[in-house]
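Since the structure comes first, as structure tokens, the remarks are kept for the end.
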Amino acid sequence: MAQPASEAKASRIVPDPPTPRAPGEEAPDVWGFADSGFQVNAAGEVEFRGSRYAISGKRIPSLLPWAEGILGVRLDPADRRASGYPTALPPRVANEPLERALAERLPAESVSVDPRVRLRHGHGHTQEDMWAIKYGRLARVPDLVVWPESADEVRLVLELVRQHGACLIPYGGGTNVTDALRCPEHERRTIVSLDLRRMNRVLWIDAENHSAEIQAGALGLEIEEQLRRHGFTLGHEPDSIELSTLGGWIATFASGMKKNRYGNIEDLVLSISATTPEGPLARPAVPRESIGADPARWLIGSEGRLGIVTSAVTKVFPLPELRRFGSVLFRDFEAGFAFLRAVQRSGVVPASVRLMDNLQFQFGQALRPARTGLAALKGTLEKAFVTKLRGFEPERMVACTLLFEGRSKEVEAQERSVYQLAARHGGMKAGGENGERGYQLTFAIAYIRDFMLEHWVLGESFETSVPWSEAQALCANVKQRLWAEHAKRGLPGRPFVSCRVTQLYDTGVCIYFYFAFHYKGVEHASEVYAELERAARDEILRSGGSLSHHHGVGKLRQPFLPRVFSPAALAWRSKLKAALDPENVLGCGNG
Ligand SMILES: Cc1cc2nc3c(=O)[nH]c(=O)nc-3n(C[C@H](O)[C@H](O)[C@H](O)COP(=O)(O)OP(=O)(O)OC[C@H]3O[C@@H](n4cnc5c(N)ncnc54)[C@H](O)[C@@H]3O)c2cc1C
């Protein structure tokens, strides 16, 4: 990487490497860490294993009874559909000359053909991915996995793969939710999964210029650990921060929950270094520049098709002086939504503002650990105050969680402004504890999908962005469409369809939907789910929403591309790929 002025170099800090991750820390077959997750205890109640999260080690007795009521089916805690993980693998396509060349040039521990390792590198975290590895089959998985330790090794591997007629798929944390890591079924060449995870260092922090160069394979947690030691943060906090990487964020156009303060990934990245079939791309980072279209920026959202990101120079920010959570209850979704718009219009926007609809609010309540003694009494009194004295209806009320970060005075000013607006919209302050709980739950909730799958409930989330003027109608249309599609197929019970607004912009919002149904007795349930999700996406597009706000296209949403791009735009995309990678070495086949 070319260096800027020498005095800037003098201000650079080289952080120590991140704490090594324990082997086997990540579960291969479900979301998250192997030591954590929902399970049914001997008493038939749900509990959360482990010690990582606020909910860990706690009993959650209301969850299954509440889910039964919502889904309109009986959920017997003892009736579990055991996972068949790992399902059978397709035959490996060996390439002896390539494997020999790799063995000659790289340490033995940099290459693996272990079936379990290859399986894990052949999927991300879509519902279809999880189903396939437990109850179905992946039609194709990588034939070998390589872990480079430097940009030079990335270059070497790409060159060898090209020379030996194989293809390559970059792998970050494997957390995508777009089937981006699924291997094309009909690929006859050897597929190499290039796992960047050993390239996990913050190479330098420029304390004077508030920037840092970070290797692409660093997990969000590793980045924050290395920056925090020197008083900085990147501020990018996707809900998958524990297990996703900088390279993955760049390649998928990611967005973090605190984007109001720090920006989305495209705002944070100043320059990208990458290895491509044409050769390396690397440029110095400057605050902004006008140099025509910068090819390195085409890598943002490229989903592994154009090059391998090896590192990026990003902005970094001093750690906030103060971090405070908050929450507000509103009578209904409309009131909460009007509040969000007022917050955005006021120009005083906290780092994160999220609005949950009623069902999701109820879900949050059902996930409350069992309370006893004084805590239980406090809970009962609070509930009585909200519902009896304030007249909020439990079946309509919604919750908004808030996260304020910054200098103390700034946070206090934001709180004053936000709570004044909340009061004007009939909101009732529900405290920092509930706000913090809401944000903490985000990480634990990520585990619920895999748990429910074994209890005959198939579910997933998907997102979109939409102008303010269309947002409420879009929410209603998508919910209605999913109810109708569920009924049309005569699926058991009732569907769970819920939404939350997670990001605010001057021009609109990002909305997440959560959809699940009981699938016992349903044939080809995963395909049925996929069909319904496609129907929801159709409805989103009809209602003025985007194909995706931040998850990307992968293979999952490829069929919708002609609805969002003109034929000319599609031709540009495919010609760009063909010109930059004529042998299709980067062979993941993404949109
Ligand atoms: C529970 C959960 C919560 C999530 N929350 C969020 C959220 O809040 N915000 C958000 O934006 N997303 C979220 N996601 C989606 C996912 O975490 C993001 O898409 C993330 O950016 C993927 O990063 P990764 O490192 O896991 O990439 P991977 O899944 O490994 O790869 C994704 C794509 O990027 C390519 N790629 C990976 N690394 C590189 C590289 N170095 N160079 C070139 N291409 C590369 C791969 O080939 C693939 O096409 C969530 C997912 C889950 C399961």
Side-chain angles (χ1 to χ4, degrees), residues 26 30-32 120-127 129-130 142 148 151 154 158 167-183 191-197 199-200 214-220 222-223 236-259 264-266 272-276 281 296 298-312 352 354 439 442-450 460-463 465 502-503 510 512 514 548-556 586-591:
E26 185 190 345
V30 288
W31 171 258
R120 177 59 192 98
H121 286 75
H123 66 87
H125 276 277
T126 60
Q127 174 283 124
D129 283 333
M130 290 293 110
V154 171
L158 183 62
C167 65
L168 180 151
I169 301 182
Y171 181 97
T175 69
N176 73 84
V177 280
T178 58
D179 294 345
L181 292 170
R182 285 281 189 113
C183 298
I191 303 175
V192 175
S193 174
L194 191 74
D195 184 330
L196 280 291
R197 282 296 324 283
M199 293 173 59
N200 64 354
I214 305 170
Q215 288 186 305
L219 295 175
E222 292 171 331
I223 295 172
H236 183 72
E237 214 168 285
D239 294 355
S240 58
I241 186 169
E242 297 166 301
L243 296 166
S244 57
T245 64
L246 175 68
W249 299 339
I250 293 173
T252 57
F253 244 120
S255 171
M257 68 160 88
K258 298 193 294 194
K259 78 97 199 141
N264 286 318
I265 196 69
E266 67 275 18
I272 296 171
S273 294
T275 296
T276 77
L281 306 181
W298 301 345
L299 289 161
I300 304 179
S302 61
E303 298 186 347
R305 295 166 78 234
L306 302 179
I308 304 151
V309 177
T310 50
S311 67
S352 174
R354 289 177 163 185
Y439 282 101
T442 303
F443 296 109
I445 278 184
Y447 290 80
I448 208 158
R449 195 230 0 227
D450 295 306
E460 173 77 298
S461 65
F462 44 87
E463 42 69 72
S465 53
T502 59
Q503 309 281 29
C510 166
Y512 257 88
Y514 295 80
S548 169
H549 169 264
H550 58 261
H551 282 163
V553 177
K555 292 163 196 85
L556 193 66
L586 294 161
C588 49
N590 287 331

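Whatever order the structure lists them in is the order used to number ligands and atoms, beginning at 1. Count residues from 1 along the sequence.
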Polar contacts were defined as any N/O atom of the residue lying under 3.5 Å from an N/O atom of the ligand; does this apply to Ser244 and ligand 1?
no
Listed by chain and number, what are the side-chain contact (heavy atoms from CB on, under 4.5 Å) partners of Val30, not counting sequence neighbours?
Ala27, Lys134, Asp450
Taking distance alone, with no angle check, do Gly173 and ligand 1 share an N/O pair under 3.5 Å?
yes
Does Glu237 reach ligand 1 with a nitrogen or oxygen that is under 3.5 Å from one of the ligand's nitrogen or oxygen atoms?
no
Closest candidate by heavy atom, reference atom 30 (O) of ligand 1, pool Ala180, Cys510, Gly256, Gly172:
Gly172
If hydrogens are left out, which of Gly554, Gly304, Pro170, Gly32 has an atom nearest to atom 46 (C) of ligand 1, that is, the closest non-hydrogen atom?
Pro170
Is the contact between Trp31 and ligand 1 made by the side chain, the backbone, both, or neither, using heavy atoms and a 4.0 Å cut-off?
side chain
When only distance counts, is Leu243 in polar contact with ligand 1, meaning an N/O pair under 3.5 Å?
no
Under the salt bridge (Lys or Arg N to Asp or Glu O under 4.0 Å) test, which residues partner Glu26, sequence neighbours left out?
Arg120
With a 3.5 Å cut-off and no angle check, do the side chains of His121 and Asp195 form a donor-acceptor pair?
yes
Determine, using heavy atoms of Cys588 and all atoms of ligand 1, whether some pair is separated by less than 4.0 Å.
no
Region of Ala216 engaging ligand 1 - heavy atom pairs below 4.0 Å:
side chain
